[in-house]
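Some notes on the structure that comes next.
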Amino acid sequence: MRGRIAYRIASNPYFVAALAVLILNDHVLKAAYPGWVTGKASDFAGLIVFPLMILSAIDLLTPIPARRARMLAIAVFAATGVVFAAIQLHQGSADVYRVVLGYLQFPFRAAIGATRAVAVRHTADPSDLLGLAALGLSWMVFVGAFKSSSRDQVETTPAATDGATTIERAYPQHGVSAGDSR
Amino acid sequence: LERKQRIIAIVVVLVAAAASLADQPAESSIVAPSVSGTAILSPDQPEVRIPFVVEASDDAAAAGDLNLRVVPSVVWEGVDLEFEPRVAGVLVETPRAVFRPQPPYGHYGAVECRNACLGSNELVLRWPAHVKQGHATVDWDISARFVFYVDDPPKGSELTLTADAPPPALDPVAEIGPGS
């Protein structure tokens, strides 16, 4: 079913907590308590949320086939990590990020009166690479969501009646296993 | 139920997208008119000092980041030389960069000094001591910008940049030419 993985991600407590931290931190805590902790919290929360958001959006647009889930997830997580590392280590990449995000924000800012796109704030900081560890947690959330959605699918399939058949159909070499969560 | 789950997923993805998009605030800025000039360096005149002052109103200094940019554009004149343009702020360690001009058109480089260069500064252009002949024309440009991470700068924000540059010792057009 389209959106099954997306729903499982959306209802995962780690994902919801990370999203809450991202919103609260960016719009309240950073201004109230500027510093190392609030600066890093956004990186951690953002790196948990972003790849899961992309995979959810893909799943809502077109169901992710089980046999391609692993490769797709690896591609999304790797791209997230590479881009994040690039904008922390390379000033040119950081500048491109500032401008591109500024343009992406512009339609929403225009709705509240802005008349031109402006670059956003971003300072390349290699110490932010610590945040990449959050991709591990994000990956585990995805694996959990994928397994849950597979179970959902089997439970709604009439032919799946006995336990052995259920397990066999739930994990037919679809490539994502608990061992992948490293 | 599936329809309800899909709607929940769509709403959460949209919220996550909005949160990711709004992750960084936009910036606005005020800019001081840049100052520029020309200096001639040679073994006979190995050093040119260009004092300059950056001043900002209190509200600007409290709310923004100064982005000072110094660009020496070196016209190469036949020697493989290195420059050390320095911006010596009163509050900052001297940022340092070395420019290696490449023939035939020289080299362009910049030194940026953030936040701590309000007040008196000095751009120092220095001829390398080990080079005993030749000369170089350096077109320098200093600009200052105060950046605010909100849609509009604070009202009344001002930024000024003034330089007291010495005139070039030689007329670069009349006296200096390729191969001279």
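Chain identifiers are assigned alphabetically (A, B, ...) following the order of the sequence lines, protein sequences preceding nucleic acid strands; residue numbering begins at 1 within each chain.
Under the 4.5 Å side-chain heavy-atom criterion for ILVMFWY residues, no single connected hydrophobic cluster contains both V82(A) and V76(A). Hydrophobic clustering (ILVMFWY, side-chain heavy atoms < 4.5 Å, transitive): F44(A) and F142(A) are in distinct clusters. Hydrophobic clustering (ILVMFWY, side-chain heavy atoms < 4.5 Å, transitive): V21(A) and L19(A) are in distinct clusters. Under a hydrophobic-cluster definition in which Ile, Leu, Val, Met, Phe, Trp and Tyr are linked whenever side-chain heavy atoms come within less than 4.5 Å, directly or via other members, Y103(A) and Y97(A) are assigned to different clusters. Note on I74(A) and I64(A): same hydrophobic cluster, where clusters join Ile, Leu, Val, Met, Phe, Trp and Tyr whose side-chain heavy atoms are under 4.5 Å apart, directly or indirectly.
Between chain B and the options V49(A), I54(A), L101(A), heavy-atom pairs under 4.5 Å are most frequent for L101(A). Chain B forms the most heavy-atom pairs under 4.5 Å with one residue out of I9(A), L22(A), L52(A), V16(A), and that residue is L22(A). Options L21(B), V12(B), V13(B) differ in how many heavy-atom pairs under 4.5 Å they form with chain A, and the most are formed by L21(B).
The shortest heavy-atom contact between I23(A) and A19(B) is CG1-CB, 3.7 Å. The two residues A10(A) and A9(B) come nearest to each other via the heavy atoms CB-CA, 4.1 Å.
Proximity to chain B involves both the backbone and the side chain of L104(A), based on heavy atoms less than 4.5 angstrom apart.
Atoms CD1 and CG, on I10(B) and L61(A) in that order, are 9.0 Å from each other to the nearest 0.5 Å. Summarising the geometry, atom OG belonging to S20(B) is positioned 10.0 Å from atom CG belonging to L47(A); distances are rounded to the nearest 0.5 Å.
Within 6.0 Å of CZ on F50(A) lie no more than 12 heavy atoms contributed by other residues, nucleotides or ligands.
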